[in-house]
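Notes to accompany the following structure.
Scope of the values below: all heavy atoms of this structure, side chains included, with no hydrogens, waters or symmetry mates.
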Amino acid sequence: MLPLDAEHVLRPVRIGDGAALARAYSVNRDHLAPWEPLRAPEFFTPEWQEFHAEQCVIEASAGRNIRFVIESSDGEIRGRINLNNIVRGAFWNADLGYWVDRTRLRRGLASRGVHRVADYARDEVQLHRLQAATLLHNSGSQRVLADNGFERIGIAPQYLRIAGEWQDHLLFQLLLVEPLSLPRERP
């Protein structure tokens, strides 16, 4: 477990997280809807989320994806940060994705979590590069990436199907070649 602040830790998804994940996604359903793919009703059930947690553990052990939860001191899940599509060979790269509970926004939690995962990707997974994509109008997520040293590298037209439509995204990268500076604090 990696501490993020006095109330939150970052840890890998584990078997048994299904009920807490279902609660987290259910209470954030409207908050996340503009930023995520359309979700079938069963996605929000403990059974579906437990199956997903089991798959996360399998994929992490195979080195394909490493998915984390932001857990609060009351045991509830308050967000996710994922290293997806880990590629070795000549690339040594992963896609970064994240979200934070609507009640925990603007507290620096996403920035601290992204920083911890970037350190983990460099030190533990030994990746060379992380990439991330945001919707063009997602200034909050773009600020999190910029605060962690990600640089904007372009626009990808119709990159992902979000909220039921193919949408353009800004692409970012972070080269993991040296110790990362702490996220910039905002006033």
Side-chain angles (χ1 to χ4, degrees), residues 1-5 7-29 31-33 35-89 91-104 109-134 141 144-145 148 150 159-163 169 172 174 176:
M1 284 202 267
L2 304 169
L4 297 177
D5 59 25
E7 185 184 356
H8 301 94
V9 297
L10 185 71
R11 65 163 177 81
V13 171
R14 61 185 175 220
I15 293 172
D17 279 342
L21 283 165
R23 285 192 301 275
Y25 277 110
S26 292
V27 299
N28 285 284
R29 191 175 194 163
H31 164 60
L32 295 174
W35 316 109
E36 292 198 327
L38 294 177
R39 304 291 192 190
E42 57 269 10
F43 175 86
F44 300 93
T45 66
E47 296 79 17
W48 195 98
Q49 289 298 327
E50 185 59 30
F51 174 78
H52 172 69
E54 292 167 5
Q55 294 305 304
C56 288
V57 170
I58 291 167
E59 290 176 7
S61 67
R64 289 189 295 266
N65 300 296
I66 303 172
R67 281 124 180 203
F68 298 88
V69 295
I70 298 171
E71 186 177 58
S72 58
S73 54
D74 62 4
E76 292 299 317
I77 292 173
R78 305 300 182 175
R80 297 278 307 268
I81 302 180
N82 300 317
L83 292 173
N84 294 316
N85 307 314
I86 297 171
V87 177
R88 299 293 182 174
F91 204 20
W92 294 74
N93 180 76
D95 295 315
L96 176 75
Y98 53 90
W99 63 266
V100 172
D101 185 287
R102 61 185 169 73
T103 66
R104 302 301 203 268
L109 195 56
S111 287
R112 287 188 301 277
V114 165
H115 180 78
R116 289 287 201 166
V117 168
D119 279 345
Y120 182 88
R122 186 196 64 236
D123 299 338
E124 303 299 322
V125 188
Q126 299 184 334
L127 294 177
H128 173 71
R129 180 177 178 276
L130 292 179
Q131 60 187 40
T134 72
S141 191
V144 166
L145 294 171
N148 277 284
F150 280 77
Y159 187 62
L160 295 172
R161 191 170 173 85
I162 300 296
H169 281 66
F172 294 81
L174 177 66
L176 303 172

H8 NE2 to D101 CG distance, which is reported to the nearest 0.5 Å: 8.0 Å

Minimum heavy-atom distance between L21 and A53, given as atom pair plus value: CD1-CB, 4.4 Å

Looking at side-chain heavy atoms only, is the closest gap between R78 and V100 below 4.5 Å? no

For atom CZ of F91, is the number of surrounding heavy atoms from other residues, nucleotides or ligands below 6.0 Å larger than 12? yes

In terms of heavy-atom contacts, R80 and C56 come closest through NH2-SG, 4.2 Å

How far apart are the closest heavy atoms of Q126 and R88, and which atoms are they? O-NH1, 3.8 Å

Quick one: CG on N28 to CD1 on I77, what's the gap to the nearest 0.5 Å? 11.0 Å

For V27, is there any backbone N or O sitting under 3.5 Å from a side-chain donor or acceptor partner on R102? yes

In terms of relative ring orientation, are F68 and Y120 parallel, tilted or perpendicular, with 30° and 60° separating the classes? perpendicular

Whether Y98 side chain and S111 backbone form a donor-acceptor pair below 3.5 Å: no

Quick one: pull up OG in S141 and CZ in F150 and give me the separation to the nearest 0.5 Å. 9.5 Å

To the nearest 0.5 Å, atom CG of N65 lies from atom CD1 of I86 at 6.0 Å

Between L96 and L174, is any pair of side-chain heavy atoms under 4.5 Å apart? no

Determine yes or no for a side-chain-to-main-chain donor-acceptor pair under 3.5 angstrom, with H169 supplying the side chain and A132 the backbone. no

If you take all heavy atoms of P46 and A19, which pair is closest and at what distance? CB-CA, 4.0 Å

Is a side-chain donor or acceptor of D74 paired with a backbone partner of E76 at a separation under 3.5 angstrom? yes

Rounded to the nearest 0.5 Å, what's the gap from CD1 on I70 to CZ on R112? Could you check? 9.0 Å

Output yes when a side-chain donor or acceptor of Q49 lies under 3.5 Å from a complementary backbone atom of F43, and no otherwise. yes

Whether F44 and Y25 hold their rings parallel, tilted or perpendicular, with breakpoints at 30° and 60°: perpendicular

Test side chain to side chain contact (heavy atoms under 4.5 Å, CB included) applied to W92 and L176, step by step: CA-CA 10 Å; W92 294 74; L176 303 172; over 6 Å; no

For A163 and A33 the tightest heavy-atom approach is CB-O, 3.7 Å

Counting C-beta onward and ignoring hydrogens, is there a side-chain heavy-atom pair between L130 and L83 closer than 4.5 Å? yes

Min side-chain heavy-atom separation E7-S72 under 4.5 Å: yes

Does anything in residues 37-53 pair up under salt bridge (Lys or Arg N to Asp or Glu O under 4.0 Å), and if so which pairs, sequence neighbours excluded? E36-R39

Take I58 and R64 through the side chain to side chain contact (heavy atoms under 4.5 Å, CB included) test and state the conclusion after the steps. CA-CA 9 Å; I58 291 167; R64 289 189 295 266; 4.1 Å; yes

Taking D119 for its side chain and R116 for its backbone only, find out whether a donor-acceptor pair lies under 3.5 Å. no

With rounding to the nearest 0.5 angstrom, report the CD1 to CG distance, I81 to L4. 6.5 Å

Please name the pair of heavy atoms, one in P12 and one in D17, separated by the smallest distance, quoted to 0.1 Å. O-OD2, 4.4 Å

